[in-house]
Amino acid sequence: MSSTEGFSHESRDPKWVQFLLIGLTLGFVFLLLILPLGVIFWEAFRKGIKTYALALSDRNAQSAIALTLLATAISVPVNMFFGLAAAWATTKYSFRGKSLLISIIDLPFAISPVIAGLMLILLYGIHGWFGSTLQSFGLQVIFAVPGVVLATMFVTVPFVARELIPVMQEQGSEQEWAAVSLGASGWQTFVKVTLPNIRWALLYGVLLCSARAMGEFGAVSVVSSNIRGLTNTLPLQIDALYNDYNAPAAFALSSILASLSILTLIAKSWLEARIDYRSKDKEELL
Amino acid sequence: MSVEVRQVNKTFGSYKALQDVSLKVNSGELVALLGPSGSGKTTLLRMIAGMEVPDRSQNSEEGKILFFNQDVAKWSVSQRQVGFVFQHYALFKHMSVFENIAFGLRVRPRGQRPSNAQIHDRVKQLLQLIQLEGFGDRFPMQLSGGQRQRVALARALAIEPKVLLLDEPFGALDAKVRQKLREWLRRLHEQMHTTTILVTHDQEEALEVADRVVVMNQAKIEQIGTPEEVFHRPASEFVIDFLGSVNVFSGRSSETLKGESKVYVRPHELQISRNSIDHTSISGQVQKIHRAGASAKVFVQTDNDQKVRVDVPMNQLQSLELGIGQQVFITPMQAHVFSPDYTI
Ligand SMILES: Nc1ncnc2c1ncn2[C@@H]1O[C@H](COP(=O)(O)OP(=O)(O)OP(=O)(O)O)[C@@H](O)[C@H]1O
Ligand SMILES: [Mg+2]
């Protein structure tokens, strides 16, 4: 399925070079990726299934899982919507400052998550620009759940847009024009023509976005102030437990987070094969 | 339905894509827009369809597009009911051929939408028309270029458009398929009499298919006329040059002409002979003979070092017994003269 397969050339490097390189790569992957991941699961279950279950049934642990899922469940759809809008605006219209806008969308990639968190505090903290206004409405953002969600949204902004922009750029808008000339309304055109053409890229972006949303530590840590059972997400709770020398519980929660990530990874590689396959079809110039 | 374009301009940034373009296509007519790449053909077509807006002009009579003498500036693309076939097909690749063709019927508002059975019948009919019965379940990727092109045409025809706009519909196909589709299109047009504008950069296609030809160059219309008119009475140097190969003589090389004017003579308008015919005959030497084709192409180098192509019918070539290096005379039987403006 992968497009490189058909073009790969058997290398003429000596056998020992091949073995050395393959061995080195495998060694690295094992030492740096597989072993640590394995250790997490090993440590999680080392004290027996009972300790594991106990760690998971802890009220604070469950609240952390719930908050992580909540932040993900809010930021992913918001991002999807924003990504679609941004990709549509930058590929179908021409306006001043378009390329600047595309670069700005990438900003969260470049900025350290810690700084992102600090920016949120400066804006929405009690002494921040909008802090007192928000407080007069009884809304606390920083050191509360909205802050966690906002921080997650900030760091995941580029994911969907980044996936969609190149795909939509390549496709141009001829199919949309064709639909409109056949009498389709804007909404019909979007649902029947645009969406099916970008669905794989969209899904891919959403998966990357969810992985990042679940794993985010830095920005969330700054705005949450680690109130257990209230503003701790999974990564924060794991960190807190570990600092309490409660390694079994920390590893139990880690195994949950790792499983979520592995699931996303599996879904992602399945999608990659699909996208690859489709882009090969595209070469036929349709 | 007639389509009229009145003194339309279009600029992209600082680039002029259309400059003072006026054109009237009569009801039921098939007009070809002919011009080199980048001359503004697609831009003009998109403007008629409503996908591009003409530049605004102070004069309210300028920059207008009229369908049947009605200004359509405020009409949306779908209100204009044009069938548009795109240069690169633009088929919906995730839909079957059947669904592609049915699209225009399915998206109609509930009240006007035909029933499923009616849609089915209509698509069947169209598949028959484009000679692709039994291809309804295929996807665009499983079709050849020529088949895709026909599906694109059927999809546009499904909405029974008032005007058919075809952007280089046969552009990406090989010569043989082009020829067949061209004849098919002409027959189709004779059946349906839909007002049609066909964009092409192939002069042969334009001359063969169209009732009238519009020759475009660098954002402007050079000439509008029947195929005979533009071929035999070209209005400019560009037109004669673009409509087939031509030999160019500068005025000085011919006694009948003075000044800076240029003389254009097509290869078949030159007579080749062993002896001088009259004072316009030019002497030269045969350099090359290409015998493949209906007539032979003889390349002659004149005494003042100009390369000239003469098309000679095969039987004449044999009776002349021409060979490489042979001294010959070429005599124009017909010539098109264009003087630069400043000498007039
Ligand atoms: N959206 C646009 N923005 C900027 N320039 C454009 C745009 N559309 C067209 N142009 C320019 O306008 C000119 C005419 O383009 P157009 O597509 O009408 O040419 P064409 O005659 O159809 O050529 P071809 O035979 O290659 O299709 C070209 O120089 C093109 O680069
Ligand atoms: Mg074009």
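For B:K180, the NZ atom sits in a loose shell: 12 or fewer heavy atoms of surrounding residues, nucleotides or ligands are nearer than 6.0 Å. Residue B:Q218 qualifies as open at atom CD: its count of foreign heavy atoms under 6.0 Å is 12 or below. Counting non-hydrogen atoms of other residues, nucleotides and ligands closer than 6.0 Å to CZ of B:F68 gives a total of 12 or fewer. For A:M80, the CE atom sits in a loose shell: 12 or fewer heavy atoms of surrounding residues, nucleotides or ligands are nearer than 6.0 Å. Shown here is A:F95, whose CZ atom has more than 12 heavy atoms of other residues, nucleotides or ligands within 6.0 Å. In A:K92, the NZ atom is crowded: over 12 heavy atoms of neighbouring residues, nucleotides or ligands sit closer than 6.0 Å. Around atom NZ of B:K162, no more than 12 heavy atoms belonging to other residues, nucleotides or ligands sit under 6.0 Å away. The environment of CG in B:D137 is sparse: at most 12 heavy-atom neighbours from other residues, nucleotides or ligands sit within 6.0 Å.
Between B:A90 and A:A178, the closest heavy-atom pair is O-CB, 4.1 Å.
Annotation: residues 100-110 of chain B contacts chain A through B:F103, B:G104, B:V107 [non-hydrogen atoms, separation under 4.5 Å]. Taking non-hydrogen atoms and a 4.5 Å limit, the residue list of residues 8-19 of chain B in contact with chain A is empty.
Annotation: the span from A:S181 atom OG to B:L165 atom CG amounts to 9.0 Å, rounded to 0.5 Å. The line from CG of A:L182 to CZ of B:F92 is 5.5 Å long, rounded to the nearest 0.5 Å. Taking CE of B:M95 as the reference point, atom CD of A:Q175 lies at 8.5 Å (rounded to 0.5 Å).
Top candidate by heavy-atom pairs under 4.5 Å with chain B, chosen from A:S185, A:G172, A:A179, is A:A179. Top candidate by heavy-atom pairs under 4.5 Å with chain A, chosen from B:G50, B:S78, B:S76, is B:S78.
A donor-acceptor contact shorter than 3.5 Å is absent between the side chain of B:H88 and the backbone of A:E174.
Only the backbone of B:A156 comes within less than 4.5 Å of a heavy atom in chain A; its side chain stays farther off. Only the side chain of B:R46 comes within contact range of chain A, with at least one heavy atom under 4.5 Å from a heavy atom of that chain.
Considering only heavy atoms from C-beta on, B:K93 stays 4.5 Å or farther from A:P196 through its side chain. Residues B:F84 and A:W177 are not in side-chain contact: their nearest non-hydrogen atoms beyond the backbone lie 4.5 Å or more apart.
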